[in-house]
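Taking it in order: structure first as structure tokens, then the write-up.
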Protein chains: 2
Amino acid sequence: MKQSTTKSASLGRPSGRDSEKVRRDLLESARDHFLKRDFKAVSLREIASSAGVNGAMVNYYFGGKKGLYLAMVDELFESLDEKMRSLSDSSEFSIADFSHSYCLLLAENPWWPNFIVREILFSEGETKEEVLQRFSKMIAPKLLHAIGQEVEDGNYREGLNPELTLMSLMGMAIFPFLAAPMIERVFGMKIDESMANKLAEHNVALFMNGVVNQKQQVTEGTGS
Amino acid sequence: MKQSTTKSASLGRPSGRDSEKVRRDLLESARDHFLKRDFKAVSLREIASSAGVNGAMVNYYFGGKKGLYLAMVDELFESLDEKMRSLSDSSEFSIADFSHSYCLLLAENPWWPNFIVREILFSEGETKEEVLQRFSKMIAPKLLHAIGQEVEDGNYREGLNPELTLMSLMGMAIFPFLAAPMIERVFGMKIDESMANKLAEHNVALFMNGVVNQKQQVTEGTGS
DNA sequence: AGATTTATTAATTAATCGTTTAATTAAATA
DNA sequence: TATTTAATTAAACGATTAATTAATAAATCT
């Protein structure tokens with residue numbers, strides 16, 4: 001019922017619309033939604049509506065909901081790959097410098113830990129494997145080697161396990177951003193760029209020298 | 001475990017069935033499913049079928065899907081609360097001891113970080129707030145105070161920020177378990193109890209004294 | 001100008017979900 | 001023993017979902 005003579009003003013191809021922009025809008029809307037809620041919990045219509053288009057556009061441009069999701073994942077990883085490369089390709093590479101830059105990078109892209117953890121821990125398998133592979137080849141080998149080298153050179157403690165050390169380093173850097181909603185509640189602390197700066201310095205200092213007051217007691221037992 | 005359709009003979013109240021067991025089976029099945037996949041991604045029928053009963057039983061015993069989920073959350077938190085209390089109520093409380101026990105506790109309950117992060121980061125708000133409140137009152141205040149005390153006593157470096165320090169400590173301890181699937185892939189390292197023991201020792205040593213070889217160089221500049 | 005292609009929405013479809021209801025039977029009660 | 005209550009399933013319901021189709025009109029091509 002209805003319609004007939006009433007020319008629905010919004011039917012048919014709109015005039016002067018940039019279809020590439022529609023594509024980008026959909027990707028952006030998808031990122032906004034999928035980063036906050038689960039794949040199943042987000043509906044096609046919701047995403048499309050936020051992008052200002054009909055839900056059928058998702059099928060038109062991306063072949064379906066899953067297609068849009070994978071396109072979004074690809075996009076995120078590309079921007080991430082690029083930034084990580086520029087970070088680890090600096091001429092003079094040191095763990096401390098890397099750790100510091102890494103913290104700032106996370107502050108600029110707070111969606112990243114969230115995204116990685118969600119993909120790897122909670123995704124339904126399909127995308128998981130690919131994501132895991134891309135991530136595992138990114139930086140871990142380089143950092144492991146760098147830590148091993150420091151131990152060999154005698155700069156780091158003898159017997160220090162590179163794998164465990166890298167895990168600690170990653171945990172210290174990533175966890176605050178990952179658990180931001182909890183941190184903000186429990187500590188009453190906003191996770192912004194100024195905080196990231198403090199965190200970066202704190203982390204490097206803790207990583208290098210620990211919490212113990214060295215002026216008071218130098219070289220405690222260390223014999224494990 | 002799959003009873004499936006036992007044909008028409010299975011109508012009406014079954015003989016000699018323990019209704020309390022059905023309740024427990026449903027809770028267990030719910031935990032198995034909800035810990036692996038999202039709330040929305042798990043269907044009532046799936047849970048019930050795994051427990052060997054009809055989907056309507058979820059409504060009968062728990063008032064609905066959400067009721068079952070909350071009952072499961074309650075159960076998990078109860079077991080967790082109990083264990084955490086016994087950890088922080090030891091007569092002589094030290095950060096190092098706590099950190100060590102905490103690691104071992106995580107190794108025994110690997111679902112925990114997964115669950116917490118999922119609840120806080122990805123849940124749809126309703127349960128989130130309650131979970132956040134319970135968690136925020138658990139141990140954070142006690143640990144913050146303990147760290148502050150160590151600084152005051154001159155055991156920890158002057159100017160050490162207790163909040164940042166606690167974040168680092170939590171990150172070092174939790175991250176390996178949270179990212180276990182990634183760790184196992186990237187480092188070829190199984191996250192089991194033996195590894196948790198090494199990790200615990202490693203973390204305490206790193207937390208206390210850092211990575212720098214103290215025998216060679218004491219207190220480097222670190223001026224950024 | 002006319003035909004075709006491209007982009008868009010409304011309407012429809014088929015599946016699935018959580019929930020409700022009705023039927024059914026064992027157990028408990030009187 | 002007769003009646004009520006408790007526990008269970010199958011079936012149906014209404015809502016919501018992703019996906020498909022048909023209608024429509026601008027853009028583009030011939």
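We name chains A, B, ... by the order of the sequence lines, and we start the count at 1 in each one.
- Ring geometry for Phe39(B) against Phe34(B) counts as parallel: the plane angle stays under 30°, on a 0 to 90° scale with 60° as the upper cut.
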Before giving the answer on salt bridge (Lys or Arg N to Asp or Glu O under 4.0 Å), spell out for Asp32(B) and Lys36(B) the whole-Å C-alpha distance, their side-chain angles and the decisive distance to 0.1 Å.
CA-CA 7 Å; Asp32(B) 288 348; Lys36(B) 286 196 195 101; 5.7 Å; no

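- If you take CZ of Arg23(B) and P of dT8(D), they are 12 Å apart, rounded to a whole angstrom.
- Taken to the nearest 0.5 Å, the CG atom of Leu106(A) stands 11.0 Å off from the NZ atom of Lys83(A).
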Quick one, Leu160(A) with Leu206(B), criterion side-chain contact (heavy atoms from CB on, under 4.5 Å). Give me CA distance, side-chain angles, the key distance, then yes/no.
CA-CA 9 Å; Leu160(A) 197 71; Leu206(B) 176 54; 5.9 Å; no

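- For CD of Glu193(B), the number of neighbouring non-hydrogen atoms (other residues, nucleotides, ligands) closer than 6.0 Å is 12 at most.
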Below 3.5 Å is the cut-off: list the nitrogen or oxygen pairs between protein and nucleotides 26-29 of chain C, distance only.
residue, atom, partner, partner atom, Å
dA26(C), O4', Arg13(B), O, 3.0
dA27(C), OP1, Gly16(B), N, 2.8

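- If you take CE on Met195(A) and CE on Met189(A), they are separated by 5.5 Å, rounding to the nearest 0.5 Å.
- Look at Ser19(A) and you'll find a side-chain N or O under 4.0 angstrom from OP1 or OP2 of dA7(C).
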Across nucleotides 17-22 of chain C, 5' to 3', mark each nucleotide with B, S or - according to how protein heavy atoms within less than 4.0 Å reach it.
BBBB--

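- Spacing between atom CG of Asp25(A) and atom P of dT8(C) amounts to 10 Å, rounded to whole angstrom units.
- Not a single side chain to side chain donor-acceptor pair (under 3.5 Å) links Asp192(B) to another residue, sequence neighbours left out.
- At a threshold of 4.0 Å, the pair Glu163(A)-Lys198(B) does not count as salt-bridged, since none of the basic side-chain nitrogens sits closer than that to a carboxylate oxygen.
- Contact annotation: Tyr60(A) side-chain N/O to dT6(C) OP1/OP2 distance is not under 4.0 Å.
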